[in-house]
Amino acid sequence: MQEYLIDVIQKGLKAVGIETSTPVTIEKPARKEFGDFSTNIALVLAGECKTNPRKLAQELISHLSFRPGTVGKTEIAGPGFINFHLTPSFIMQSLEQVIREGESFGRMCSGKGQKAIVEYVSANPTGPLTIGRGRGGVLGDCIANLYEALGYDVTREYYFNDAGRQMKILAESVRLRYLERCGDTVEFPDTHYQGPYIRDIAEKLYEHHGDALKEHETLDEFKQTAEQFIFASIKNTLHRLNIHHDSFFNEHKLYQPGENGKSANDEVIEALKEKGFISEYDGAVWFSTTKLGQEKDKVLIKSSGEPSYRLPDIAYHVTKFERGFSDIVNVFGADHIDEYPDVVEAVRILGYEAENIKVAINQFVTTTVNGETVKMSTRKGNADLLDDLIDDVGADATRLFFIMRSKDSHLNFDVELAKKQSRDNPVFYLQYAHARICSLLKMAERETDFIASSAETGLLQNLESPHELQLSLALQELPEVIQTAARLLEPQKMVDYLHTIAELFHRFYQECPILKSDEELRKARLYLALATRQVLQNGFRILGITAPEAM
RNA sequence: GUGCCCGUAGCUCAAUUGGAUAGAGCAUCAGCCUUCUAAGCUGAGGGUUACUGGUUCGAGUCCAGUCGGGCAUGCCA
């Protein structure tokens with residue numbers, strides 16, 4: 001519909017004799033008096049053409065030629081906007097398409113044949129997932145869904161490291177709790193993991209081995225058990241939120257020598273050295289980021305000989321390019337903000353298309369408990385567990401809470417409010433609209449033998465009230481919303497949109513009797529309800545929430 | 001100190017990325033169920049968009065500065 005208008009305007013510009021590279025943009029005016037669509041092209045071009053915008057608009061309008069039955073009225077408004085009023089029949093023709101395409105409405109092919117990778121969660125197995133982690137998890141999952149809707153072949157990846165220092169502390173923590181369980185008196189340092197799950201793991205070890213592990217020299221048994229236990233817990237939590245990864249990438253792989261005897265890490269060092277971005281001093285190997293205008297170089301290999309996290313990170317991203325991904329999306333929290341610019345610079349130096357890496361950084365989650373803001377730390381064990389939250393409010397509300405705010409704003413998770421399970425909960429508003437439609441359609445089947453048939457959608461032409469037209473027009477925006485949300489890596493746009501759809505539907509439902517209308521109007525309204533349900537379902541699928549048929 | 005994010009109604013947040021009279025939810029107040037699900041709808045009140053200046057037809061949005069909050073600034077990840 002927008003494309004059609006753009007096309008007509010471009011032809012009009014040519015007819016007026018204006019050659020320009022400025023793209024024509026179509027907007028939806030904020031107020032309905034201003035029509036269904038508008039363009040600011042006259043305002044934009046007035047400067048270029050050295051003329052008055054209203055005058056230019058006037059001239060342009062007289063050169064626009066629409067197909068009959070599409071645009072009812074065009075007018076100039078304000079400083080030089082051109083507003084278009086569509087005819088109801090044009091709106092309904094487009095709406096028929098929604099019904100025809102069904103669940104594939106909103107699925108596009110702009111990403112067809114391309115591979116995208118979305119990396120998210122990526123928590124090391126040092127403890128169960130906290131509420132803070134949930135935000136990135138749901139954000140990443142929705143972004144992956146959006147890319148899928150664009151037609152991409154999407155891989156959902158989880159990157160983790162089970163070899164670092166934190167894992168050693170974890171193993172040591174478990175060992176101490178185990179010794180405690182065996183009856184020893186131990187001093188438990190506060191640098192260690194305090195959470196209750198450490199005791200659970202220790203208990204498990206004690207059940208299996210008694211006190212046979214007391215004399216073990218190495219931490220291996222403790223580490224492995226802990227990792228298994230915690231990973232199972234993490235995966236289970238993610239599963240409850242309907243989050244499933246296709247691939248778990250262990251950082252360890254990057255240390256292992258390949259066929260040529262070199263590890264991925266080695267190869268990065270070598271390649272950077274060749275480009276002149278490696279320097280060695282203070283017993284360490286550095287990425288010469290000072291050459292890129294940064295204040296300090298960054299350590300790649302510590303004086304102990306071990307790589308710092310930055311090196312495998314770069315090597316990891318190289319694998320993403322080597323694996324053929326054209327779109328690389330990383331989702332992580334604000335605490336990793338300093339990490340990715342180095343990675344991007346490094347892969348650029350190595351000759352990859354660094355601009356294909358997109359980063360979605362979500363701001364932190366604070367939780368409000370009894371009016372008090374609590375900051376969370378896994379190590380201190382005071383973090384609220386994601387699992388507990390899901391127990392309290394359910395997976396749908398949990399997911400929606402995390403993405404109903406833009407990722408750039410701090411999310412204040414009022415745990416008390418979320419636990420209330422009351423109507424305050426925004427997920428109900430959306431789901432209720434869906435349930436209402438389901439119930440309506442069921443009743444229509446039972447009482448009027450209504451059976452949806454694509455041959456009948458022409459009946460939509462009977463709709464003409466403002467409520468009906470507004471809803472119909474909004475339903476057609478789904479593909480555009482998906483594109484915007486994907487481009488901005490911002491599923492919140494989808495939440496907002498679905499809220500609008502639900503609102504417009506409730507209003508339509510309130511004002512327009514459906515089952516009590518005459519047959520043609522009744523059917524027309526049922527098809528509108530059907531199309532609404534379809535759009536809600538397609539949107540819910542991207543957000544990963546369920547579409548209940550009854551509430 | 002420096003870099004990134006944020007500052008919008010009493011509270012939590014939007015605002016089509018520079019557009020027309022800044023909008024939703026919660027909370028408050030007033031209406032709407034003998035009629036398709038009232039988890040809904042309608043209406044009211046509530047704002048110097050932190051502050052100051054600048055850019056232009058036009059600024060919550062862009063630029064500079066000030067104030068306030070978060071994160072980062074490790075040979076931790």
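Letters go in sequence order (proteins before strands), and every chain restarts at 1. Only heavy atoms go into these numbers, but all of them, side chains included; no hydrogens, no water, no symmetry mates.
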[atom1] atom, [N] versus [M]: distance in rounded Å?
| N | M | atom1 | result |
| --- | --- | --- | --- |
| B/U56 | B/A14 | P | 31 Å |
| B/G60 | B/A22 | C1' | 7 Å |
| B/U16 | B/C63 | P | 16 Å |
| B/A9 | B/G46 | C1' | 6 Å |
| B/A20 | B/A59 | C1' | 13 Å |
| B/U73 | B/A15 | P | 30 Å |
| B/G65 | B/C75 | P | 29 Å |
| B/U8 | B/C51 | P | 10 Å |

Taking the minimum atom-to-atom distance to the side chain of [X], which one of [options] wins?
| X | options | result |
| --- | --- | --- |
| A/Q363 | B/C36, B/G70, B/G19 | B/G70 |
| A/R31 | B/A20, B/C76, B/A38 | B/A20 |
| A/A30 | B/U16, B/G25, B/U2 | B/U16 |
| A/F428 | B/A39, B/G19, B/C5 | B/A39 |
| A/I337 | B/G74, B/G3, B/A77 | B/G3 |
| A/A334 | B/G19, B/U17, B/C71 | B/C71 |
| A/N124 | B/U37, B/A77, B/U21 | B/A77 |
| A/E33 | B/U21, B/U12, B/G69 | B/U21 |
| A/Q166 | B/U37, B/C76, B/A72 | B/C76 |
| A/V299 | B/C71, B/C75, B/U17 | B/C75 |

Closest nucleotide of RNA chain B for A/E251 versus for A/E549: which of these residues is on the 5' side?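 The residue closer to the strand's 5' end, by nearest nucleotide, is A/E549.
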Map A/H506 and A/L43 onto RNA chain B by nearest heavy atom, then report which one ends up closer to the 5' terminus.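 Taking each residue's closest nucleotide, the earlier one in sequence belongs to A/L43.
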Member of A/E511, A/E520, A/E468, A/E519 meeting the salt bridge (Lys or Arg N to Asp or Glu O under 4.0 Å) criterion with A/R525: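 Among A/E511, A/E520, A/E468, A/E519, the one meeting salt bridge (Lys or Arg N to Asp or Glu O under 4.0 Å) with A/R525 is A/E468.
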Under-4.0 Å side-chain N/O to phosphate OP1/OP2 contact, [X] with [N]:
| X | N | result |
| --- | --- | --- |
| A/K298 | B/C75 | no |
| A/S409 | B/A14 | yes |
| A/K296 | B/G74 | yes |
| A/K407 | B/C4 | no |
| A/R507 | B/U42 | yes |
| A/T484 | B/U16 | no |

A/F81 over B/A20, stacked by centroid distance under 5.5 Å, angle under 30°: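 By the stated criterion, A/F81 and B/A20 stack.
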Step through it carefully: locate the ring centre of [X], locate the ring centre of [Y], and say whether they are under 6.0 Å apart.
| X | Y | result |
| --- | --- | --- |
| A/F34 | A/F81 | no |
| A/Y158 | A/F231 | yes |
| A/H467 | A/Y509 | no |
| A/F505 | A/Y432 | no |

Check this for me, if you would: do A/K442 and A/E445 make a salt bridge, where the nitrogen-to-carboxylate-oxygen distance has to be below 4.0 angstrom?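 Between A/E445 and A/K442 there is no salt bridge, as every charged N stays at least 4.0 Å from the carboxylate O atoms.
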For a quick check of understanding: with a heavy-atom distance under 4.0 Å over all strands, which category does [X] fall into, base, sugar-phosphate or nothing?
| X | result |
| --- | --- |
| A/C512 | base |
| A/P341 | nothing |
| A/H499 | sugar-phosphate |
| A/N52 | nothing |
| A/A433 | nothing |
| A/M551 | base |

Polar contact flag, side-chain donor to acceptor under 3.5 angstrom, A/E75-A/H85: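 Present: a donor and an acceptor within the cut-off.
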Name the orientation of the base relative to the sugar in B/U17: syn if the glycosidic angle is within 90° of 0, else anti.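 Glycosidic conformation of B/U17: syn.
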Kindly label the base of B/C13 as syn or anti, based on whether its glycosidic torsion lies within 90° of 0.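 Anti.
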Looking at [N], does its base get a donor-acceptor pair with the side chain of [X] below 3.5 Å?
| X | N | answer |
| --- | --- | --- |
| A/N83 | B/A20 | yes |
| A/S303 | B/C75 | yes |
| A/S38 | B/A20 | yes |
| A/Y432 | B/A39 | no |

Quick one: does A/T289's side chain have a donor or acceptor within less than 3.5 Å of a partner on A/L292's backbone?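 Absent.
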Separation of A/L471 atom CG from B/C41 atom P, in whole Å?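 One finds 13 Å between P of B/C41 and CG of A/L471, rounded.
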Give the rounded distance in Å between these two atoms: NZ of A/K493 and C1' of B/A15.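 Nearest whole value for this atom pair: 8 Å.
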How far does OG of A/S288 sit from NZ of A/K298, to the nearest 0.5 angstrom?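 These two atoms lie 11.5 Å from each other.
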Pairwise distance CD1(A/I82) to CG(A/L56) - rounded to 0.5 angstrom: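 Between A/I82 CD1 and A/L56 CG, I get 7.5 Å after rounding to 0.5 Å.
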Toss me the dot-bracket line for RNA chain B: Watson-Crick and G-U wobble, both under 3.5 Å, 5' to 3', using | for pairs to another strand and [ ] for crossers. (((((((..((((.....[...)))).(((((.......))))).....(((((..]....))))))))))))....
Give me the atom names and distance for the closest heavy-atom approach of A/L463 to A/L469.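 Result for this residue pair: O-CD2, 4.1 Å.
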